[in-house]
Amino acid sequence: MEKRLRTQEKEAAGENAGLAELPTDIISNVLSRLPVKTLLRFRCVSKSWRSIIDHRSFADLVLAQPLGRSEVTSLISVIGNMEPSRFGGRFFSLDHHTGLATPLPQLDRTINSTGEDSQSVNGLICFDIGELTYLCNIGTREVRALPPTGPNFPVHLHRGIHSFSALGFDPVAKQYKVMKTWVSNALNHSGEVITAHKILTLGTSSWRKIDSGPIDFPWGGSVCINGAIHFLTLDLMSNKIIVVFDVGTEKFRTLTFPDGALDQVRKMKLIAFGGRLTVLDYEHLEDENVMLMYMLEDYTNQVWTERRIVLPLSWKEDRRHSERFLVGSVRAGEILLAPKVTTGEVYLLSYDVENGTLKKVQVRGLPPSLLRSPVIVACAPIEYVDSILALSEI
């Protein structure tokens with residue numbers, strides 16, 4: 001037995017010696033093409049491989065690899081009977097190709113949130129829970145609480161405060177930043193909503209106060225694209241506006257709203273579609289099977305184009321258990337429809353905008369106890385790409 005172990009140790013040592021002879025850039029290039037799950041296991045192969053995989057530049061190399069059209073993964077949050085005696089929420093990672101849902105217990109233990117209106121930026125996502133903001137790498141299952149902070153409002157404004165956080169990435173400086181905004185129910189002497197904004201550059205330990213911007217509480221989500229975070233919100237006259245926060249300069253500005261969408265009401269959200277900022281209007285989805293997409297074709301000159309989407313009648317075949325659908329999108333050019341409440345099954349409808357085809361993604365792998373009673377889908381699926389980036393390296 002001891003002889004066999006010594007033989008195995010010598011073989012392993014010989015293999016590692018051979019690997020050590022290869023240039024680091026070649027090893028990095030080969031490893032970067034592997035799935036993140038495989039890379040997490042390969043960190044244990046040798047100290048040199050662990051050093052390569054844990055380095056920030058390697059994480060950037062992994063993100064730069066092209067993704068296949070079928071490689072779509074989303075974070076989903078569901079609420080229901082997880083066990084016979086426990087009602088609660090759970091997070092799952094959903095593979096759109098196979099429909100397999102993988103539990104994420106690391107998030108369940110920490111993130112007491114539904115994930116509503118959250119977005120993924122290079123595989124990272126942030127959640128607000130009470131007064132704290134948490135950062136999560138979904139691929140590596142890491143969760144970290146960010147330093148606590150507050151708006152520094154006078155005492156008489158402490159009641160009726162709402163807050164939200166958004167994650168952004170500056171591609172020039174390669175920096176991640178979290179912007180946190182507090183909105184008071186009170187108005188100042190000019191009749192304006194009282195707000196406060198702070199920003200945290202990840203890798204530092206202190207929040208910095210920044211100038212206020214023309215932003216109320218967002219109701220259409222946020223999207224980070226072109227190095228800026230975009231919010232769909234209302235101005236003081238209740239007109240819809242898109243507020244832009246430039247992650248690099250840390251300044252606010254606004255974008256003109258597409259003309260055709262000005263008269264619509266609240267069933268609208270911001271998405272990134274085909275690499276472009278897009279306003280998705282689904283006001284008449286349930287009654288007319290219609291959605292409107294307003295895509296910002298020319299970002300510099302703020303030129304929008306409108307596209308009308310008419311879903312095939314077959315999408316209504318599964319509506320007998322749900323009258324409300326949550327709407328999202330994926331980078332492959334598909335619109336996702338997730339029933340808010342289902343019974344006996346959980347599924348998504350995926351509509352390919354270019355091909356005009358609709359497919360049903362049956363979610364598999366959920367706890368059997370969950371499907372015995374109505375299931376609430378807490379938020380629209382949040383697409384993400386796997387990232388090997390360790391939160392300690394940010």
Whether over 12 other heavy atoms sit under 6.0 Å from Glu131 CD: no
Verify the neighbour count for atom CD1 of Ile26: are there more than 12 heavy atoms of other residues, nucleotides or ligands below 6.0 Å? yes
Within the 4.5 Å heavy-atom criterion, are Ser77 and Arg90 side-chain neighbours or not? no
Note, Val353 side chain near Glu334 side chain (heavy atom, < 4.5 Å): no
Verify whether the ring centers belonging to [X] and [Y] lie closer than 6.0 Å.
X	Y	result
Trp304	Tyr299	no
Trp49	Phe42	yes
Phe169	Tyr176	yes
Phe164	Phe231	yes
Phe252	His197	yes

Measure from NZ or CZ of Lys360 to the centre of the six-membered ring of Tyr347 and say whether it is under 6.0 Å with the direction within 45° of the ring axis. yes
Yes or no on side-chain hydrogen bond (donor to acceptor under 3.5 Å, both in side chains) for Ser165 and Thr133, after CA distance, side-chain angles and deciding distance? CA-CA 7 Å; Ser165 299; Thr133 300; 3.1 Å; yes
For Asp298, what residues pass the side-chain contact (heavy atoms from CB on, under 4.5 Å) criterion, not counting sequence neighbours? Thr300, Asn301, Val303
Measure from the side-chain N and O atoms of Asn137 to the backbone N and O of Gly139, and report whether any donor-acceptor pair falls under 3.5 Å. yes
Quick one: does any side-chain atom of Arg253 pair with a main-chain N or O of Lys251 as donor and acceptor, under 3.5 Å? no
Taking it one step at a time, do Lys177 and Asp170 satisfy salt bridge (charged side-chain N to carboxylate O under 4.0 Å, His left out)? CA-CA 8 Å; Lys177 299 180 182 180; Asp170 176 8; 5.3 Å; no
Test salt bridge (charged side-chain N to carboxylate O under 4.0 Å, His left out) on Asp54 and Arg43 and set out the steps. CA-CA 8 Å; Asp54 286 349; Arg43 292 172 75 249; 2.8 Å; yes
Check against salt bridge (charged side-chain N to carboxylate O under 4.0 Å, His left out), Arg372 and Glu345: CA-CA 9 Å; Arg372 297 192 189 108; Glu345 63 175 347; over 6 Å; no
Give me the one residue out of Leu311, Ile335, Leu280, Ile309 that meets side chain to side chain contact (heavy atoms under 4.5 Å, CB included) with Leu285. Leu311
